Structures are given as structure tokens and as C-alpha cells.
Amino acid sequence: MTKPQKAIIIGAGPAGLAAALRLQQYNHISSVVYEIRPKPTTLGGAIGIPSNGLRLLHRLGLYDNIRLRAAETSNLVLHAIKGDVIGKADLTSWSRDKTGFGYLRIQRTSLMDVFYDAARLADIPIHFGKRLVGIVENSDGVTATFDDNTSDTADFLLGCDGIHSAVRKLYVDPNMTPEYSGVVNIFSLLETIMLPQARLSLDGLNATLTTDGLLALCPCTATNEMIYWFFSRQLSMPPGGGGRDGWEEKGKQEVENLKVTLLELLKDTSGEWGDMWKAIINQTNVVKFYPIFRMVLGGQWARGRCLILGDAAHAMQPHASQGVSMALEDVFLLSKLLEIPGRSLEEVYAVYEQKRRPRTDRMSKMAERNGNVRKKTGPWQLWLQECAISGMMSVYNLCRLDRLGIGQKELAYDVEEEEV
Ligand SMILES: Cc1cc2nc3c(=O)[nH]c(=O)nc-3n(C[C@H](O)[C@H](O)[C@H](O)COP(=O)(O)OP(=O)(O)OC[C@H]3O[C@@H](n4cnc5c(N)ncnc54)[C@H](O)[C@@H]3O)c2cc1C
């Protein structure tokens, strides 16, 4: 096979822009990116990126710019519902040693700014307001057509267009659909200055389990002047299966009742932690409501010259903070495979899938397991849960189980070491 020269990339999120950059830097393949939105926009909030993802951002040349905008959030501090600290852990004590990178939390807008700046510097064309309506291919190439009657042709096409991927629906595997995870996230950003003095001792991710979900906060800027906080809870689907209207109505109700719900859940929380949450609840004016969907495991990722990457292929619950890192790993493996001489695209995609699927399935299941702690529980079960967590964290710290990499091996995984 002659080496591919040009790629069409659908979607200018982390997967799409990382792919365009990597293909240019490493494979000398030029890309044209097509984005459905009229201009750069994100869902908002902040993203956690652990060691495995940060290492790849470093290889892309983006780490330093991200570090300048992000907070280091390797430390996890768990508070009981009464407010006292029941456990602390450094989530990357071992993986940081292995990779050289810890755990950063960055505003989604800042992360995308870094990607867009890099794409601009690399002269990667990004066309906005482009809705994909068709894909056809033949032995010479693949053509994508958009709803403004424009089209483009390339050697291969990457569907990096997120969980509701048009590339997947129109071409690669229309039968593969997302499913509701049973969990919603409500989140906001707040200036730290609005919080009590105790904010100064906040370090990393601080969280508390309630009878009705998980509440957490962490800084998300390098100088800690902004925090990201979220409430993640189990919630049934709206009646009738949850179309857009159903979710909008449900979201509206959740947001309207949020302050009352949280104050009720935290009525026994005292001390600095209790004061912190009361201030957060009072000072927050805008929250976002987001029902968490995920891709069902399985399905097809490749067809002909097209491959879906990132959330389009394996969107997972955000409860392992691995979505962006998985997209980066996808990109790096594909890029490595494309460099092996003599392989057809079909062979490249087959090996890609064989190597990526076990890893993304594992991370997806891990995220689902982490999501389960958000499920509703009673006060006694919560107390038992707190005792169990506190016990486990004490044993982990006392026995220095982190030295064996327990709980951190996945964060030191290096996709470029895969035998291909
Ligand atoms: C509440 C929440 C919290 C999260 N927290 C974390 C976290 O802490 N850490 C983490 O790593 N991940 C987190 N994630 C997951 C993370 O956001 C995703 O895994 C990541 O954004 C996937 O990147 P992507 O490029 O594959 O898809 P996306 O980010 O969805 O980007 C897809 C892009 O394609 C565009 N697009 C869509 N359809 C089309 C079309 N038809 N044509 C052209 N363009 C199209 C979209 O507009 C978008 O720009 C979270 C997700 C949610 C919902």
C-alpha cells in the first residue's frame, strides 16, 4: 500500500485535534478537520487528566502549556458526612515515578485553547459549521459530504465526533448506540476567593459521600483561583425514555431544587468542610446538568477507510477521569501503526482494534464501578461505607501498597510500548 498522505478528521474535540497534530508531527500526514459547531465551544467544567494522558500530551508538545493553566490534583482527601477527614491518598505516588507526570485538573475551555493554539501554529485547517451528511469510498479514497453541499476527499477518515458520532451512525456502525449510565453530573466553576479561609488548606480533590451521591471539589487553575465542584448522583430516566425534552425538563427540576437538596444532604456536616459547602451552595449561581451516557461495549470501530476514535468509539463514564486520556492513547497507537511499512489500512485498523479494545473495555468497566459509589444509600450504609473506605485507605497508606503500584498501574500504561 502507498503511504496515506491526507486524512479527513470529523470533530475538533480532544481526539480530533490530537489526531491532526500527531499525524502531522510523526507521520507527515496532513489533515483537514471538520467541526459541526459554528465556533470553538465546550461543555464547560473541568477535566482531570492522570499520568497516562499527561505523558502523551507531553509527547504532543502540549504539556507545558497545559501545566501553566492547570492545578496539580494528585491528592485525594475524603471527608465523612459529618465533616472530619477519613482518608487521604496520593493517587499518583507510584505512577508519577514511572511516568514523570502526576494528575492535573484543567478547565475544559483552557484545555481546548491549548489544542486550538497548537493546531493554529501547525497550520492545520479547521472548518467550523460543517455537518456531515454522507461518506462514500472507492479504491482511490474516501469522500465526506457536508450539508452545505461541499465535500472533501482523502486517503482515510477519522470519526472523532464524540458520543453521538455521525461517522458511526452514517457509516461505520449504525447499530452501535449510547446508553444512559443511570448517573447525572451537576457541576459548576467558582472563584476561590468566594470561599471561607479554609480554602487555603484545600489540596487536590476533596470529596464526601452522601446518602444521595458524591460531592467533590478541586482547584482547576495553576494558581488555584478557580474551583470546579460537582455533585454526581443516581437519577432515573425521564418518563418515556428520555428524549431531549424529557432530559431538559428533568435537568430544570434538578437545578431548581439543587440548593435545597444539597443543604438537606449536608445538614449534619460541620466544621470547615461544612462551612465550605454552605459557602459554595450560596455563592453558586449557574450550574450545568449533564446526564451521563456511555457507549455499550462491542460494536464495530472501522469500516473500509474509516475509523472512529475517542468517545465516538468508547465513550465511558467520567468517573475514572480517562476519557481524554483514552482518546490520546487511540491517536498514538494509530499513529504508530501507520508507520509500519507495507500494511493496508484494513490491516492497520484490525491490529489497532485488537490492541485497543481490551484496554478501553477495562477502563470503561472501571469507570462504571467508580460510578456505583454515587448510588443512593441509607444513613447506616453510608456510615459503613465510610468505615470501610477509611479502613482501606489506612491499610493502603500504612502498608505503602502504592509502592507495588496497586491502584495506579493503569495510570503508568504506555500505549507506545504495545507490541505491534
Ligand atoms: C460531565 C463530564 C465530565 C467529564 N470529566 C472528565 C474528566 O475529568 N477527565 C476526562 O478525561 N474525561 C472526562 N469526561 C469525558 C471527556 O469529556 C471525553 O471523553 C472527551 O471529551 C472525548 O473527546 P472526543 O474528542 O472523543 O469527543 P468530544 O469531546 O465530544 O468532541 C467531539 C467533537 O466533535 C464535534 N462533533 C460532533 N458531531 C459532529 C459532526 N456530526 N460533525 C462534525 N463535528 C462533530 C463536537 O462538536 C466536538 O467538538 C467528562 C465528560 C463529562 C460529560
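When reading the values below, keep in mind they use all heavy atoms of this one structure, side chains included, and skip hydrogens, waters and symmetry mates. Quick caveat, the model's predicted, so the values are computed rather than measured. Whatever order the structure lists them in is the order used to number ligands and atoms, beginning at 1.
Interface of Lys130 with ligand 1, defined as ligand atoms under 4.0 Å from a residue heavy atom, comprises 42 (N), 43 (C). Close approach to Tyr34 involves these atoms of ligand 1, each under 4.0 Å from a residue heavy atom: 43 (C), 44 (N). Atoms of ligand 1 lying under 4.0 Å from any heavy atom of Ile10, numbered from 1 in the order shown and given with element: 42 (N), 43 (C). Against a heavy-atom cut-off of under 4.0 Å, Ala166 is close to the following atoms of ligand 1: 41 (N). In the vicinity of Tyr290, heavy-atom distances shorter than 4.0 Å reach the ligand 1 atoms 53 (C). Numbered from 1 in the order shown, with element, the atoms of ligand 1 that lie under 4.0 Å from a heavy atom of Arg37 read 47 (O). Residue Arg105 approaches ligand 1 through these ligand atoms, each under 4.0 Å from one of its heavy atoms: 8 (O). Counting atoms of ligand 1 from 1 in the listed order, those under 4.0 Å from a heavy atom of Gly310 are 26 (O).
Contact annotation for Val324 and ligand 1: heavy atoms of both the backbone and the side chain come within less than 4.0 Å of the ligand.
For Glu418 and Tyr413, the side-chain atoms include at least one donor-acceptor pair closer than 3.5 Å. With no hydrogens or angles considered, a side-chain donor-acceptor pair links Ser232 and Arg374 at under 3.5 Å. A side-chain donor from one of Asp330 and His314 sits under 3.5 Å from a side-chain acceptor of the other.
Looking only at heavy atoms of the protein, atom 40 (C) of ligand 1 is closest to Ile36 CB, 3.7 Å. Among all protein heavy atoms, the one lying closest to atom 47 (O) of ligand 1 is Glu35 OE2, 2.6 Å. When only non-hydrogen protein atoms are considered, atom 4 (C) of ligand 1 lies nearest to Pro318 CB, 3.2 Å. Nearest protein heavy-atom contact of atom 31 (O) of ligand 1 is Gly13 CA, 3.5 Å. Of all protein heavy atoms, the one lying nearest to atom 51 (C) of ligand 1 is Arg108 NH2, 3.5 Å. Protein heavy atom closest to atom 27 (O) of ligand 1, with residue, atom name and distance, is Gly162 CA, 3.7 Å. Scanning the protein for heavy atoms near atom 37 (C) of ligand 1, the closest one is Asp161 O, 3.2 Å. Among all non-hydrogen protein atoms, the one lying nearest atom 23 (O) of ligand 1 is Pro14 CD, 3.6 Å.
Using cut-offs of 30° and 60° for the angle between ring planes, the Phe293 and Tyr180 rings count as tilted. Aromatic ring orientation, Tyr228 versus Phe230: tilted (interplanar angle from 30° to 60°). Aromatic ring pairs are classed by plane angle as parallel below 30°, tilted from 30° to 60° and perpendicular above 60°; the pair Tyr63 and His58 is perpendicular. The aromatic rings of Trp277 and Trp229 lie perpendicular to each other, with more than 60° between the two planes, well past the 30° mark.
Within the structure, the closest approach of His164 to ligand 1 does not fall below 4.0 Å when heavy atoms are considered. Between Gly45 and ligand 1 there is no heavy-atom distance shorter than 4.0 Å. Taking 4.0 Å as the cut-off, Gln322 counts as a neighbour of ligand 1 on heavy-atom distance. Close to ligand 1: Asn185, with a non-hydrogen atom less than 4.0 angstrom away.
With distances taken over non-hydrogen atoms, the option nearest atom 9 (N) of ligand 1 out of Gly44, Gly48, Ala320 is Gly48. Of the options Ala12, Ala367, Ala313, Gly323, the smallest heavy-atom separation from atom 12 (N) of ligand 1 is shown by Gly323. For atom 13 (C) of ligand 1, the nearest non-hydrogen atom from the set Leu17, Ile47, Val183, Leu132 belongs to Ile47. Taking only non-hydrogen atoms, the option from Pro40, Cys220, Cys160 nearest to atom 32 (C) of ligand 1 is Cys160.
The shortest heavy-atom contact between Glu339 and Tyr26 is CG-CE2, 3.5 Å. The two residues Arg105 and Ser321 have their closest heavy-atom pair at NH2-OG, 4.0 Å.
Put simply, the side chain of Arg356 gets close to the backbone of Met326: a donor and an acceptor are under 3.5 Å apart.
Remark: Arg303 is positioned above the aromatic ring of Tyr171, its terminal NZ or CZ atom under 6.0 angstrom from the ring centre and at most 45 degrees off the axis.
In terms of polar-atom proximity, defined here as any N/O pair under 3.5 Å, Tyr228 makes no such contact with ligand 1.
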